[in-house]
Amino acid sequence: PNDTNRSCMDFASTEFKIVAAIRAASAVVSLVLSLIAIVINVVSQKYVFQLHRMVLYFSISGVLTGITKALNRVDYFVENSDTKNFCIASGFMDEYGSWTGLLSGFAIGCTLFSDVLGRENSSKCIDRFWILLIFVFPLSFNWIPFIDLTYGQSADWPWCTMRILLEDCNTFTLALVFNNVIWFVPSILLGAAVTILYIMTVVIVIRKRGEWDLSHDPLVRKKKKKMVKELAFVLLLVLGYLLVSSLSTILRIVQLLGGKAFPLWIIHAICTPLIPGLVSLLMTVENDICKKATPSTCCAFRKKNAVAEYVLKPAVEGSGTIPRALPPSVPV
């Protein structure tokens with residue numbers, strides 16, 4: 001039972017170490033990428049916009065998961081009360097970090113959906129709601145697996161998590177129930193809801209593109225076209241994140257079917273820790289909606305039926321030209 005290099009998935013000792021080491025290394029890279037994304041977001045003051053605040057929360061989640069997964073190695077789990085408690089705490093933080101990432105992805109989707117509808121979605125109340133939902137709400141149920149110490153080393157996973165299988169490879173029924181009720185089933189449902197939300201957003205954009213193209217306001221046309229391009233980019237990133245998040249579920253299914261799937265474990269060890277940091281950095285760098293506009297300009301742009309003022313440029317005497325209307329001098 002004390003051999004930390006064995007697995008109920010029949011891993012060889014070397015394979016077990018490889019999976020754990022790859023996951024830790026990938027988590028370190030993700031941690032660095034998330035920190036870079038936070039620095040860029042704060043220094044460039046992108047966080048003044050609602051969408052970028054959601055990306056900032058996603059980056060903070062990436063830092064939490066990066067630290068946890070980098071330290072969450074089965075090597076820490078030995079017959080010592082201090083290291084055993086460390087593994088239990090690490091399992092809890094891994095669960096909490098996963099939920100903050102999923103909920104912040106949901107927040108990004110809701111913000112994009114609201115932007116496409118042209119509704120104002122930036123206020124202190126809304127910000128507080130998202131902060132409470134992303135960072136406080138998971139605490140209301142992530143403590144439950146502390147009952148009967150269901151957090152810890154699972155004999156089938158090379159890191160600390162909910163102990164579905166014990167050291168003797170018998171099923172830990174209570175942990176299995178907690179794992180499905182607290183993580184797998186809700187995360188699948190929320191992931192499906194986020195996917196539907198993004199599909200609805202895309203459908204609305206497709207329907208409105210014709211209206212935007214007919215707009216007489218060149219500022220509106222330019223910004224809306226830019227929004228379409230960036231929406232597609234963010235959509236691919238978030239859907240990629242959701243797909244990678246489902247790898248744990250796929251591995252559980254493979255496990256229940258009695259399969260080994262070592263290559264799938266390698267993919268899981270690389271992608272699951274890395275994706276949060278990579279996605280947060282890409283969204284911070286590439287997502288430039290209203291990037292060069294002032295906050296007031298951005299809010300004015302979002303207002304429904306907003307009408308831009310035009311400046312009449314006088315004709316040059318003797319040039320034979322006629323006066324023409326120019327759009328206002330708004331940075332774009």
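Small disclaimer: the values here were computed from a predicted structure and weren't measured.
- A distance-only check finds no donor-acceptor pair linking the side chain of S114 to the backbone of C110 [under 3.5 Å].
- To the nearest 0.5 Å, atoms CG (L102) and CD1 (I134) are separated by 10.5 Å.
- Within the structure, side-chain hydrogen bond (donor to acceptor under 3.5 Å, both in side chains) pairs that include any residue of residues 90-100 comprise R23-D94, S61-T100, K69-D94, N72-S90 (at least two apart or interchain).
- Remark: F146 pairs with F92, Y151 by the ring-ring contact (aromatic ring centres under 6.0 Å, His included) rule, at least two apart or across chains.
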Legend entry - Chi angles and distances behind the side-chain contact (heavy atoms from CB on, under 4.5 Å) call for M283, I108: CA-CA 10 Å; M283 282 196 290; I108 292 172; 3.6 Å; yes
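- In the hydrophobic clustering (ILVMFWY side chains linked at under 4.5 Å, chained through shared members), V39 is joined by V43.
- Every residue two or more places apart in sequence or in another chain that forms a side-chain contact (heavy atoms from CB on, under 4.5 Å) with L33 is listed here: V29, L274, L278, L281.
- Residues forming a side-chain contact (heavy atoms from CB on, under 4.5 Å) with V181 (at least two apart in sequence, or on another chain): V177.
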Inset, instruction - Could you check L103 against L190 for side-chain contact (heavy atoms from CB on, under 4.5 Å), going step by step and ending with a plain yes or no? - result: CA-CA 8 Å; L103 289 172; L190 182 59; 3.6 Å; yes
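- Here the closest heavy-atom approach between residue S104 and residue F58 is recorded as OG-CD1, 3.0 Å.
- M162 is not listed as a side-chain neighbour of L176, based on a closest heavy-atom distance of 4.5 Å or more.
- With sequence neighbours left out, the side-chain contact (heavy atoms from CB on, under 4.5 Å) criterion links I22 to I18, I266, A269, I270.
- Take I188 and apply the side-chain contact (heavy atoms from CB on, under 4.5 Å) test, not counting sequence neighbours, and it matches T249.
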